[in-house]
Every structure is written in structure tokens, then in C-alpha cells.
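Heads up, the thing below is written out as C-alpha cells.
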Amino acid sequence: MPPKISLTRYLVEQQRMDGHIPPELRLLLEVVARACKSISQAVNKGALGGVLGTAGSENVQGEIQKKLDIIANEVLIEANEWGGHLAAMASEEMDGIYLVPNRYPQGEYLLLFDPLDGSSNIDVNVSIGTIFSVLKKPDDRAGVEEQDFMQAGNRQVAAGYCVYGPQTMLVLTVGDGVAMFTLDREQGSFVLTAENVRIPEDTSEFAINMSNMRHWDVPVKRYIDECLQGREGPRGKDFNMRWIASMVSDVHRILIRGGVFMYPWDNREPKKAGKLRLMYEANPMSWLVEQAGGVASNGKQRILDIQPTKLHERVSVILGSKNEVDRVTGYHAKL
Ligand code: AHM
Ligand code: MG
């Protein structure tokens with residue numbers, strides 16, 4: 001049997017390869033992974049740990065916070081603030097940025113996260129996850145402010161997620177393909193279980209919340225309508241649908257067997273670009289998808305090229321198997 005490769009060994013080897021990642025980034029990623037292990041423990045305990053249910057508060061987006069949203073946010077902050085590799089953090093659950101306290105050394109990285117994505121699944125025992133994105137602080141001046149986070153997704157230096165499902169898995173890119181690690185609970189470490197992940201270019205599976213159909217824009221309606229017509233329609237084949245309402249789980253499935261995931265703009269709140277957040281949901285997932293040979297677009301533009309203007313900015317998301325995403329963006333171009 002080949003030796004088990006731990007996350008630590010994988011990262012050390014990435015560091016050695018032409019200095020692919022600097023040691024500070026390796027340490028940062030190890031700390032994020034450690035925090036994910038502890039979130040996984042809390043998620044696993046469920047009602048036994050008293051962690052289910054709402055916390056009685058709202059986040060900056062006006063969403064009710066679950067107890068586990070807050071616990072996961074605190075775990076990530078506490079794990080990351082003292083290591084000396086970060087300058088600041090930003091999270092779906094915090095209004096503004098979180099500066100590393102003065103008592104700790106300041107580093108050169110910025111960490112963004114959605115501590116627990118798919119919150120509506122927490123209390124019903126369906127897979128959820130943590131999404132993270134790492135940027136480098138622009139080094140033109142001292143200190144750090146929100147403006148330093150306003151970097152397009154193509155400037156990310158690492159991105160990934162941890163899915164808390166039947167297995168806890170960490171999925172990571174540092175710009176050298178996508179690697180997947182499974183948590184070995186007996187050893188207490190993440191072990192490499194898939195490398196050079198590739199998303200098939202073709203698929204007959206789509207993921208979208210169909211209950212919003214009447215609110216969609218013409219190109220999205222057209223695409224889904226053609227899929228629904230199946231073998232008798234213009235696509236000449238039957239399609240299958242999945243919607244877990246947990247982006248981490250839907251993207252994980254797509255990385256493994258292909259598919260297209262969409263949370264498009266819709267006219268329920270026309271001024272909102274979409275539901276999902278650009279900086280800590282769409283950007284990290286888009287980079288993972290591109291690194292696996294897929295495509296990620298807002299319908300009109302590559303998501304990774306969007307210049308953010310706000311920390312909690314929203315975006316329309318269409319990502320996954322190349323040929324299907326290209327088809328949907330082609331329909332947008334014909335508008
Ligand atoms: P959250 O970060 O508040 O959990 O919201 C994001 C989630 C995604 O994981 C998922 O794709 C989407 O919201 C589901 O939305 P809906 O309930 O509208 O289907
Ligand atoms: Mg989320």
C-alpha cells in the first residue's frame with residue numbers, strides 16, 4: 001500500500017516545489033485545517049453538544065444566525081489570530097473586517113471565510129461546510145483596512161472548503177490543481193485521497209433552486225427549460241437534477257462527477273446581483289472549479305475577474321462542467 005500523505009506533507013512538498021507556497025502560507029492553511037477539525041467535532045455532536053438551533057441574532061445580511069454559525073466563526077478567529085501570518089480576517093458572520101489584535105505579530109495575508117455554509121441544513125442533519133479564501137495584503141503601506149480586501153478572485157493565493165458530511169473532507173487549491181483530503185478521525189489528520197481532480201466537460205446533471213423559476217432571467221429559463229424537455233427536446237438527452245441547498249455539497253459533487261450549479265440573479269430583489277457572496281463563497285469555489293478544468297461565470301463575465309467593491313457583495317453564479325456553463329453564458333450573450 002502506498003504511504004498515506006497527510007495534509008502537512010502535501011503542503012511541505014508544495015512549499016519545496018520551486019517555493020510554490022511560502023512557509024507562512026503553509027502554516028496558515030494548516031491552522032485553517034485545524035479549525036475545520038474542531039468545527040467538524042462540534043457539527044458531529046449536534047444536539048448532544050447543545051449546538052443546534054438559532055442564536056437569536058442576525059448577521060449583516062439580515063439572516064438569522066444559527067448557534068453553529070457563531071461557534072464556527074469563533075473557532076476560525078481564535079485559531080488564526082495568534083499565528084503571526086495574518087493581518088486581518090473577514091467573514092459572512094461579521095459586519096466589518098477583524099484586525100489581528102496588537103498583542104500578536106501581524107502577517108501579510110488576509111483570510112476570508114463563510115464559517116458554516118448551508119446554514120438551513122444544520123438542524124436537519126444534511127451536509128454543510130466551511131469555505132475559505134486567502135489573499136495577500138497589498139504591501140504598499142502599513143496597517144490594514146477593508147480596501148485591502150477589494151481584490152479580484154484571480155489574486156487569491158489559496159482557496160478551499162471543508163465539507164462536513166458522511167466524511168469530513170478538506171478540498172484545497174494553491175494554484176496547482178485541486179487536492180482532496182479525508183479526515184482520518186483515528187489519526188486526527190487529513191489524508192490525501194484525491195489529486196489532480198478534473199470536472200468532466202460534459203454533464204447531464206444540473207443544480208438550481210427550481211422554486212425560483214418564475215423569477216429567473218430569460219437565458220437561465222431557456223437553459224433549464226431545454227434540460228427539462230429531455231430526450232424529446234433540443235438537447236436530445238435526459239437530465240437529472242440535484243439541489244442540496246448547501247453550495248459546498250453541490251460543488252463537491254460537481255468536482256467529483258461533473259454537473260452545473262446555478263444561483264443566478266433573479267427579479268425577487270432586482271437590485272441584488274444574486275444570493276451568494278462574491279468574496280468568500282463564489283471566488284474560492286470558482287477558483288477550485290477552474291483549477292479542476294471547469295468554468296465559473298456570472299453569465300456575462302468570469303467570476304474571478306470581477307473587481308469587488310464591498311466585502312459582502314453578492315454575485316450571480318453559474319459554475320461547473322465547461323460545455324454546459326459555456327452554453328448558459330452563450331444564451332446570455334444572445335440577449
Ligand atoms: P448561507 O451562507 O446563509 O448558508 O447561504 C448560502 C446557501 C448556499 O450554500 C446554497 O447554495 C444556497 O444558500 C441555498 O439557497 P436557497 O435556500 O435559496 O435554495
Ligand atoms: Mg454561505
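Counting convention: from 1, in listed order, for ligands and their atoms alike. We count residues from 1, following the sequence as given.
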Write 'none' if nothing qualifies; otherwise put on separate lines each N/O atom of ligand 1 with a protein N/O atom under 3.5 Å away and their distance to 0.1 Å.
unit_1: ligand 1; atom_1: 2 (O); unit_2: E92; atom_2: OE1; d: 3.1
unit_1: ligand 1; atom_1: 2 (O); unit_2: E92; atom_2: OE2; d: 3.0
unit_1: ligand 1; atom_1: 2 (O); unit_2: D114; atom_2: OD2; d: 3.2
unit_1: ligand 1; atom_1: 2 (O); unit_2: D117; atom_2: OD1; d: 3.0
unit_1: ligand 1; atom_1: 2 (O); unit_2: R277; atom_2: NH2; d: 3.4
unit_1: ligand 1; atom_1: 2 (O); unit_2: E281; atom_2: OE2; d: 3.1
unit_1: ligand 1; atom_1: 3 (O); unit_2: E92; atom_2: OE2; d: 3.3
unit_1: ligand 1; atom_1: 4 (O); unit_2: G118; atom_2: N; d: 2.8
unit_1: ligand 1; atom_1: 4 (O); unit_2: S119; atom_2: N; d: 2.9
unit_1: ligand 1; atom_1: 9 (O); unit_2: D117; atom_2: OD1; d: 3.2
unit_1: ligand 1; atom_1: 9 (O); unit_2: D117; atom_2: OD2; d: 2.7
unit_1: ligand 1; atom_1: 9 (O); unit_2: M247; atom_2: N; d: 2.6
unit_1: ligand 1; atom_1: 13 (O); unit_2: K275; atom_2: NZ; d: 3.1
unit_1: ligand 1; atom_1: 15 (O); unit_2: K275; atom_2: NZ; d: 3.0
unit_1: ligand 1; atom_1: 18 (O); unit_2: Y263; atom_2: OH; d: 2.6
unit_1: ligand 1; atom_1: 19 (O); unit_2: N209; atom_2: ND2; d: 2.8
unit_1: ligand 1; atom_1: 19 (O); unit_2: W243; atom_2: NE1; d: 3.0

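Residue V124 belongs to a hydrophobic cluster whose other members are V126, I244, with links defined by side-chain heavy atoms closer than 4.5 Å.
Under the ring-ring contact (aromatic ring centres under 6.0 Å, His included) criterion, F149 pairs with no residue at all, not counting sequence neighbours. Applying the side-chain hydrogen bond (donor to acceptor under 3.5 Å, both in side chains) criterion to Q41, with sequence neighbours excluded, gives R185.
Taking each heavy atom of G320 and V325 in turn, the nearest pair found is N-CG2, 3.5 Å.
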Derivation of the side-chain contact (heavy atoms from CB on, under 4.5 Å) call for W216 and M262:
CA-CA 11 Å; W216 296 336; M262 293 194 258; over 6 Å; no

Would you check, one step at a time, whether the test side-chain contact (heavy atoms from CB on, under 4.5 Å) holds for R314 with E269?
CA-CA 12 Å; R314 293 172 192 261; E269 287 180 83; over 6 Å; no

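Rounded to the nearest 0.5 Å, atoms CG (N80) and CG (L27) are 11.0 Å apart.
Looking at E92, its N, O or S atom nearest to the Mg ion (ligand 2) turns out to be OE1. Among the heteroatoms counted here (N, O or S) of E281, OE2 is the one nearest to the Mg ion (ligand 2). The atom name of the N/O/S atom in D114 closest to the Mg ion (ligand 2) is OD2. The nearest N/O/S atom of D117 to the Mg ion (ligand 2) is OD1.
The environment of CZ in R198 is crowded: more than 12 heavy-atom neighbours from other residues, nucleotides or ligands sit within 6.0 Å.
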